[in-house]
Amino acid sequence: MSRVTARRKTTRLSPNGRIERPDTLAVEEPLEIRVDGQSLTVTMRTPGSDIDLVHGFLFGEGIIAAADDLVTARYCAGTDEQGHNTYNVLDLRLRTPVP
């Protein structure tokens, strides 16, 4: 099972009664965006394409004007109950520091 989808038991109601069966659902997880170690925001997203999401977010907020204004992006340590990295914290370094 990928981090983008999850199988869950669902109940569907129809004129013929209840139908219980597994279904594939989109996963939503938080992504904390940090700039130079300082938390900027937390957004919910379907995991994947996080760097593209961050570029769009920073551009939309007027923090960057072009893609190359984001110099580096790295995932920080964040673990689940089994100790696996969740990839839910992204630390950025910008060409021009944010005040």
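- Side-chain heavy atoms closer than 4.5 Å link hydrophobic residues (I, L, V, M, F, W, Y) into clusters, and following such links, possibly through other members, connects L92 to L53.
- In terms of heavy-atom proximity, R18 sits nearest to T11 at NH2-CG2, 3.6 Å.
- Here D36 contributes atom CG and L94 contributes atom CG; the two are 6.5 Å apart, rounded to the nearest 0.5 Å.
- T46 contributes no side-chain N or O that, together with a main-chain N or O of V4, makes up a donor-acceptor pair within less than 3.5 Å.
- Ionic pairing of E28 and R45 is not present here: no N-O contact between side-chain nitrogen and carboxylate oxygen is shorter than 4.0 angstrom.
- With respect to R12 and D23, a salt bridge is recorded, a charged nitrogen being found less than 4.0 Å from a carboxylate O.
- For S14 (side chain) and G17 (main-chain N/O), a donor-acceptor pair under 3.5 Å exists by modelled atom type.
- Listed here is the closest heavy atom pair of I51 and A73: CD1-CB, 3.5 Å.
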Next item on the list: For L58 and D69, run side chain to side chain contact (heavy atoms under 4.5 Å, CB included): C-alpha distance rounded to whole Å, both residues' side-chain angles, the deciding distance at 0.1 Å, then the answer.
Entry: CA-CA 10 Å; L58 295 174; D69 288 343; over 6 Å; no

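- Hydrophobic cluster membership is shared by I63 and L31, with clusters built from Ile, Leu, Val, Met, Phe, Trp and Tyr side chains linked at under 4.5 angstrom.
- Residue pairs meeting the ring pair (Phe, Tyr, Trp, His ring centres under 6.0 Å) criterion with at least one partner in residues 25-79, sequence neighbours excluded, are Y75-Y87.
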Next item on the list: Could you walk me through whether V89 and R34 pass the side chain to side chain contact (heavy atoms under 4.5 Å, CB included) test, one step at a time?
Entry: CA-CA 7 Å; V89 180; R34 297 179 183 173; 3.4 Å; yes

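- A donor-acceptor contact shorter than 3.5 Å is absent between the side chain of T24 and the backbone of R7.
- Counting only distance, with no hydrogens or angles, the side chain of D52 and the backbone of S49 share no donor-acceptor pair below 3.5 Å.
- Summarising the geometry of V27 relative to T5, their closest heavy-atom pair is CG2-C, 3.4 Å, with the distance given to 0.1 Å.
- The line from OG1 of T72 to CG of L90 is 9.5 Å long, rounded to the nearest 0.5 Å.
- Atom CD of E20 and atom OG1 of T10 lie 8.5 Å apart (nearest 0.5 Å).
- To the nearest 0.5 Å, atoms CD (E61) and CG (L40) are separated by 8.0 Å.
- Two residues are said to be in side-chain contact when any heavy atoms from C-beta on lie closer than 4.5 Å; P22 and K9 fail this criterion.
- Of the possible donor and acceptor atoms, one in the side chain of D91 sits under 3.5 Å from a partner among the backbone N and O of G37.
- Using a 4.5 Å cut-off between side-chain heavy atoms of Ile, Leu, Val, Met, Phe, Trp and Tyr, with links allowed through other members, I33 and V42 fall into different hydrophobic clusters.
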Next item on the list: Take E32 and S39 through the test side chain to side chain donor-acceptor pair (under 3.5 Å) and record every step on the way to the result.
Entry: CA-CA 7 Å; E32 180 181 359; S39 183; 3.0 Å; yes

